[in-house]
Amino acid sequence: MTDAIAAQIPPPAEELSVDRWIDLYRTMVRIRLFEECAADQVEVGEIKTPCHLYIGQEAVAAGVCAALRTTDYVWGGHRSHGHYLAKGGDMRAMMAELYGKRTGCSRGRGGSMHLIAPEVGILGTVPLVAATIPLAVGAALASRLQGTDAVSVTFFGDGAVEEGHFHESVNLAALYRLPVIFVCENNFYASHMRLLERRAADSIIDFAAGHGLPGIRLDGNDVGAVYAAAIEAAGRGRRGQGPTLLECRTYRWRGHVGPSWDTDVGVKRRDELKDWLPKDPIARARHRLQATGVAPEVLDRIDADVRREVEDALAFARESPYPQDEDLLTHVYWTEADA
Amino acid sequence: MTDAIAAQIPPPAEELSVDRWIDLYRTMVRIRLFEECAADQVEVGEIKTPCHLYIGQEAVAAGVCAALRTTDYVWGGHRSHGHYLAKGGDMRAMMAELYGKRTGCSRGRGGSMHLIAPEVGILGTVPLVAATIPLAVGAALASRLQGTDAVSVTFFGDGAVEEGHFHESVNLAALYRLPVIFVCENNFYASHMRLLERRAADSIIDFAAGHGLPGIRLDGNDVGAVYAAAIEAAGRGRRGQGPTLLECRTYRWRGHVGPSWDTDVGVKRRDELKDWLPKDPIARARHRLQATGVAPEVLDRIDADVRREVEDALAFARESPYPQDEDLLTHVYWTEADA
Amino acid sequence: MRTLTYAQAIREAHAQLLATDPRVFLLGQGLWSPWYAGTSLKDIDKEFGRDRILDSPVSENATTGAAIGAAMAGMRPIVFHPRMDFMLLAVDPIVNQAANWSYMFGGQVPVPVVIRAAINRGGEQAAQHSQALQAMFMHIPGLKVVMPSTPYDAKGLLVSAVQDGNPVMYIDDRWLYEDEGEVPEEMYAIPLGRAAVRRSGRDVTIVATSFMAAQAVLAAPRLEGEGIDAELIDLRTLKPWDRETVFASVRKTGRLVVADAAWKTGGAAAEIAAVVAEELFGALRAPVSRVCLPDAPAPMSVPLEQAYYVGTDEIVGAARRVLAH
Amino acid sequence: MRTLTYAQAIREAHAQLLATDPRVFLLGQGLWSPWYAGTSLKDIDKEFGRDRILDSPVSENATTGAAIGAAMAGMRPIVFHPRMDFMLLAVDPIVNQAANWSYMFGGQVPVPVVIRAAINRGGEQAAQHSQALQAMFMHIPGLKVVMPSTPYDAKGLLVSAVQDGNPVMYIDDRWLYEDEGEVPEEMYAIPLGRAAVRRSGRDVTIVATSFMAAQAVLAAPRLEGEGIDAELIDLRTLKPWDRETVFASVRKTGRLVVADAAWKTGGAAAEIAAVVAEELFGALRAPVSRVCLPDAPAPMSVPLEQAYYVGTDEIVGAARRVLAH
Ligand SMILES: Cc1ncc(C[n+]2csc(CCOP(=O)(O)OP(=O)(O)O)c2C)c(N)n1
Ligand SMILES: Cc1ncc(C[n+]2csc(CCOP(=O)(O)OP(=O)(O)O)c2C)c(N)n1
Ligand SMILES: [Mg+2]
Ligand SMILES: [Mg+2]
């Protein structure tokens, strides 16, 4: 990190309230348990759509989205179950989508890699790497032109910065001083490829200087730190001070796609996992909450509530009907009837 | 410029010999006089193909190409008359190309924006902004795989860094440590748009840190400085030390396209021109040569020789035949007969 | 009625849309330039301010993507590509994103974006500054593609394109910019998907797109002089195209020429020829004849350009041929 | 003769090319992965070293451009796109650069690059991971496009593609990877532009591409059972395509089905249908019938996928229809 950038790291945020910490904890648990359940259903073949699990990275979605309002936009990619839940997307609708059901959030046309929840500002997540980054810039431009103070957040991986349109987008946002938060979830892999097999240096954050916007490198497994940085970045955006680049360093526990623990890149990855498992963002949050005096039972109750919510979503998904043949050719064009 | 980058600026090159200076001077004069002649022919309508003149920027092409060998590659764009001549392209063939003649370097199918001289390592210049940057990386990869030490130089403008594939290409070259010299000719404009109308900061050189390669910001009107930096960068490439980014700060005197002095962006540009005209790279080189004792007549003789060369090229172009209808559909596919 | 040039009509449509709909804005290269878009956007930034008229960096992918994202967020952007060739850098946002969005998400988020691309060829610009690539986009479900040939349509189709809830590619041709025609002062919309019969005739149907539709208008009197009574259909919208109008005409004439100034193989004309040959098999009295560019990149030198481009002569020749069959 | 799967045949072609020609190298995403390219490149990096087998960053434009540049500098690169959808980010280097280069510069610098794109669909992957976009490239002068349907062709066409002096798009289909067939051990080339007659017949010509050519082979016995004697032509090369073989067949049968598992409007099938209807107007005894995907993005949910994709049933149905005419 160059000095110019280090200087832009915000001052430590004021201490978060316990309630806020509990919210963050609950969000992370909802993501974790939803995905563990989905993983099981993939394993047994009930879910067939390719699922890229977010387990291990929950602090990023939870921390960033806690800093947002319903009217703010969130954009994601192939690994967006967490973004969807953290921003307030309906769990049943997502589970049904994974089951390819008509009640799914995308009506059974998208699957895990295409999630949507317009009512909470998620206008779509899609699996083409970096694809929603320019869209996020456009939504921020819309906010500006509409005179709202909505910010637009794009979540993407360390692989996405290799796509040229990442750079084009950051430049546009910086130039027009748009309210965008670029959240790079650096989990050090793009499928089987390690970061340093794809770039000369671990220097993603240095692009902030090149593009002329503030950049902050963060421990992406520290939900409090992510939250604080996102509050700062969202504030900058709302005040018309332009975009921010956040690099959240984290790690995915499972394989690139599918439920299993990732061994396809060999022994090294197994060693890394050993380092990263203890950094579990949920365990850390739990530890911290207990240290501040929250009783374990309170947290256990949250866990149990979430477990029930996930079971309910699963039952809903299973019981829902499939799309019918007559749905096949609808919505190729949008019509007023869709409005 | 961040400190990390400043530190990578090479030590001042050893003093250049007078002969070398004279060569650099001659190259610049050849470009200048060729283009002034071409500009006149555009003005009177003899040349119809769109011409983007390089006048004012000659030190960049001259300085960089003097550091290269015939077997090295040079790639350019829409404004490449200078690159072509500096690398050793045949002047007659280029003038004939501007005239749309069969004897043109591209056989009358390319015009000013598509120049080629394979015999001296120019495999093509094309006008899509940034288009040849990835090609240059590919040629460098070819050198590596063929076991040669040829370097590959790509000339592009400050506008080209706004294209995502500029970034993709720099990353590839840095990752594979390829012998590429990325020469950004920052003339502060992309057609009518000033640099700071297109990016948040005058910070192109900072991309070097992001991509993990050395970057050097240079006075692009100082042919000696450009030459020294190019020698250093070419050496790095040949030694397997990877690519270099050179930002050569310069200014074009004429309009974005066509022969006239550029007024389409208003008064400000006229003021800037007033600052830049005295920085004329040719006048500076001449001054310096005279200061080291070279007699003005020696330089005048060079000028006169070049003037004759340009006149000869013009006559050649005028006398050459046009392509015929039967040429229209040849070479859509390359065939062994072309080899 | 008042006449305007094609370029002025485009400009007027932009201005009226900007004046009446706060959701409309422009993004793209050359919007602040006096010459990039010819006169089709002259001083539009001065009239509507640079907040809504955003000249952009040289970043086709991100500007197009940003327009698409803004459309999803409730705006009605027009993203401008001064040459269709440059737009090839934005095929991902257009084809993978904008075109699929409605379908992938069950119609929940419309993408009312207009992607304007100018065909700008000739003048010894050569292969990378000449392409007419409508066929590539006509193939893509979810997109609409319009190509006006008259000032009247240039205005009305832009209005419809902006008012439609879908991604619409609006392709104009610099060779038409100075053509004059009657254009109402008020804002009006021309339904997408509806062709215009420019002339009715009994002997041969000429279906043409854009520049070739204008050339066909010049061809008709020449054909008439030879005793050939041509019916001229200006397709106007390539996707979805107006089968009914074309079918009705071919049922009458039994003969069809399709003229599209783009490469022949796999071009828009192929689709029209194929559909007519399938659907009106019995009605066709001669093989369909396509008037297109040869399957070669655009050359540079004027003599080669002259040999390369097609126009009235080729339409006349094709009409003669299908009648001679 | 020895049999291989389609994927194994692809791998063998790569291996033999790499072993015999030092100019050949691979660049693209997934080359070091055990699963990205299915088994079609299994352990190829271990056999030939990671200097020549370059797995790459997620940069479709620059990797494709780099392959093109390397080809200009004397190499014979194969750039790999594990999905055709991703390759849309590389349309500029393919269409604007590689395709135009020979023409623009009068044949002085060939671009012997192979652009390999896999069609990878089904499995509830949805719209952005399903596309078959051959038509977009079939339209572009200067490109060649091949689509093998058998293990034999998968090998031989890759060899020819690499040996050709032009940019060749090699499109393989994951749905064919496990198909088995006889494949000679030695390296052999299949001339580009030559179709294969898979079965000769008198009643109807079925021209098919890639996966649909394999489906047509399954359709033939069903048709035979109904007394329909179909001639099957596997196009193999889409650009330039083999008119002579197709024409000879249609002259005999008078009836044509064209099957291409891509969108119908403006698809490859349209060109073939249009040309045959133009050139063999008198010989066609029924309208051409196209078997293609509906004009909609690929859906996700299995029941919708089943309704969406076409195969043997649709070919059989089309053959019946053209015979019933
Ligand atoms: C345009 C495009 N190219 C390639 C792919 C294949 N692909 C899917 S996910 C992925 C890796 C992405 O890595 P990263 O951005 O770091 O996200 P992560 O999977 O680590 O969350 C790749 C290359 C794709 N989906 N889209
Ligand atoms: C892909 C593409 N987009 C847009 C253009 C139009 N265009 C031609 S030159 C130019 C400006 C380039 O500026 P810069 O790279 O700084 O080079 P300069 O003209 O200053 O030498 C633009 C935008 C183009 N030729 N190609
Ligand atoms: Mg990653
Ligand atoms: Mg410039």
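Chain identifiers are assigned alphabetically (A, B, ...) following the order of the sequence lines, protein sequences preceding nucleic acid strands; residue numbering begins at 1 within each chain.
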| said: So for Phe25(D), is it side chain, backbone, both, or neither that comes closer than 4.5 Å to the heavy atoms of chain B? | reply: side chain
| query | Does the side chain of Arg109(B) reach to within under 4.5 Å of the side chain of Tyr103(D), using non-hydrogen atoms? | reply | yes
| field | Any Gln108(D) side-chain heavy atom under 4.5 Å of His331(B) side chain | value | no
| note | Turns out that what part of Tyr73(B) lies under 4.5 Å from chain D's heavy atoms comes down to side chain
| Would a distance-only check, ignoring hydrogens and angles, find a side-chain to backbone donor-acceptor pair under 3.5 Å from Trp101(D) to Leu123(B)? | yes
| Which of Gly165(D), Pro22(D), Pro240(D) touches chain B most, by non-hydrogen pairs under 4.5 Å | Gly165(D)
| query | Relative to chain D, which of Ala337(B), Ser152(B), Ala139(B) shows the most heavy atom pairs under 4.5 Å? | reply | Ala139(B)
| field | Contacting moiety of Leu328(B), where chain D heavy atoms sit under 4.5 Å | value | both
| remark: Heaviest contributor of heavy-atom pairs below 4.5 Å to chain B, chosen from Pro110(D), Pro57(D), Pro77(D), is Pro110(D)
| remark: Bottom line for Val126(B): the part with an atom under 4.5 Å from chain D's heavy atoms is side chain
| Top of Pro167(D), Ala70(D), Gly106(D) for chain B proximity - count of heavy-atom pairs under 4.5 angstrom | Gly106(D)
| Heavy-atom closest pair, residues Gln97(D) and Ala131(B) | NE2-CB, 3.2 Å
| So what's closer than 4.5 Å to chain B heavy atoms on Asn166(D): side chain, backbone, both or neither? | side chain
| Under 4.5 Å from any heavy atom of chain D - which part of Ser169(B) | both
| request: Of all the heavy-atom pairs spanning Gln146(B) and Ala73(D), show the shortest one and how long it is. | output: NE2-O, 2.9 Å
| query | Counting heavy-atom pairs under 4.5 Å to chain D, which of Leu141(B), Asp327(B), Asn171(B), Val137(B) comes out on top? | reply | Leu141(B)
| task | Check whether any side-chain heavy atom of Trp75(B) lies under 4.5 Å from a side-chain heavy atom of Met72(D), and answer yes or no. | result | yes
| Exercise: identify the closest heavy-atom pair between Gly65(D) and Leu135(B) | O-CD2, 3.2 Å
| said: Please identify, among Thr64(D), Ile68(D), Leu143(D), Asp164(D), the residue contributing the most non-hydrogen atom pairs under 4.5 Å to chain B. | reply: Leu143(D)
| request: Please report the closest heavy-atom contact between Val109(D) and Pro118(B), naming both atoms and the distance. | output: CG2-CG, 4.0 Å
| Spacing of Met104(D) atom CE and His114(B) atom NE2 [to the nearest 0.5 Å] | 4.5 Å
| query | Of the backbone (N, CA, C, O) and the side chain (C-beta and beyond), which part of Thr125(B) lies under 4.5 Å from a heavy atom of chain D, both, or neither? | reply | backbone
| task | Answer yes or no: are there more than 12 heavy-atom neighbours, outside Arg52(D) itself, under 6.0 Å from its atom CZ? | result | yes
| said: Do Arg144(B) and Asp51(D) have side chains that approach each other closer than 4.5 Å (heavy atoms only, starting at C-beta)? | reply: no
| said: To the closest 0.5 Å, what do you measure between CG (Leu145(B)) and CG (Leu54(D))? | reply: 7.0 Å
| message | If I take atom OG from residue Ser56(D) and atom CG from residue Leu175(B), how far apart are they, to the nearest 0.5 angstrom? | response | 9.0 Å
| Smallest separation among heavy atoms of Gly107(D) and Asp338(B), with atom names | O-CB, 3.4 Å
